[in-house]
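Small disclaimer: the values here were computed from a predicted structure and weren't measured. Protein chains get the first letters and strands the later ones, always in sequence-line order, with residue 1 at the start of each.
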Amino acid sequence: EDQVTQSPEALRLQEGESSSLNCSYTVSGLRGLFWYRQDPGKGPEFLFTLYSAGEEKEKERLKATLTKKESFLHITAPKPEDSATYLCAVQAWRNTGNQFYFGTGTSLTVIP
Amino acid sequence: SAVISQKPSRDICQRGTSLTIQCQVDSQVTMMFWYRQQPGQSLTLIATANQGSEATYESGFVIDKFPISRPNLTFSTLTVSNMSPEDSSIYLCSVERTGADTQYFGPGTRLTVL
């Protein structure tokens, strides 16, 4: 079964306390893996796309990495403004076209 | 990227009524999608709307309940028909631009059905 699982569901960090969020997937025919940030009451905001195992992308305090079965979003020295829900999605090719599979997200709270 | 707007941003509706949600994009796109996001849950794809053809609905969603229009390459509407409290959710439109594999999302419409 095609599935994307994110862990933990919720994470509370002190400001400056680095950590990682996990996204594991059992989706065949991977075309890409995407990370989004979603603030309360808003739509998801695109962060990164990863296409192949070993690939890494960075943006400010965030770094995304990809292996064959999972991806990590590393947050270095987080600040309160990094508080949000982080969504992972996997794109796969199907006979009907590209299909996106979304995880349920990790809710991150960074405490000053 | 793409700039996407949705109207209304939120609404409170009575059971049995219908609401039409508009999605406007700042440039022409081929693929537009409508999602539902219920509290504490991830995004569920309702349908894919391509200009010039009928929308393609995912399992569990039907045209009579969620009719979609796609009159041009920058605009789409989703109607939530004969609403019940179970339809209370955030409805999101997104676009996939040619050459960019990711999707860009609108700000969402928060619907509450009483």
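- Only the side chain of Q99(A) has a heavy atom closer than 4.5 Å to any heavy atom of chain B.
- Contacts of F33(B) with chain A are absent, with no heavy-atom separation under 4.5 Å from either backbone or side chain.
- Proximity to chain B (any heavy atom under 4.5 Å) is shown, for E9(A), by neither the backbone nor the side chain.
- For T26(A) (side chain) and D2(A) (main-chain N/O), no donor-acceptor pair under 3.5 Å exists by modelled atom type.
- Using a 4.0 Å cut-off between charged side-chain N and carboxylate O, K79(A) and E15(A) make no salt bridge.
- At a threshold of 4.5 Å between side-chain heavy atoms, the hydrophobic network of Ile, Leu, Val, Met, Phe, Trp and Tyr places F102(A) and L30(A) in two separate groups.
- Residue with the most contacts toward chain B among G105(A), G103(A), S107(A): G103(A) (heavy-atom pairs, distance under 4.5 Å).
- No part of Q6(B) comes within reach of chain A, as not one of its non-hydrogen atoms sits under 4.5 angstrom from that chain.
- Ion pairing between a basic and an acidic side chain is recognised when a charged N comes within 4.0 Å of a carboxylate O; R110(B) and D11(B) show no such pairing.
- Neither the backbone nor the side chain of Y101(A) comes within less than 4.5 Å of any heavy atom of chain B.
- When heavy atoms are compared at a cutoff of 4.5 Å, E58(B) approaches chain A solely by way of its side chain, counted from C-beta outward.
- Q6(A) and N22(A) share no donor-acceptor pair across their side chains, judged by distance under 3.5 Å alone.
- Looking at L43(B), the atoms closer than 4.5 Å to chain A (heavy atoms on both sides) sit in the backbone and in the side chain alike.
- When only modelled atom types and interatomic distance are considered, S88(B) and T112(B) share no side-chain donor-acceptor pair under 3.5 Å.
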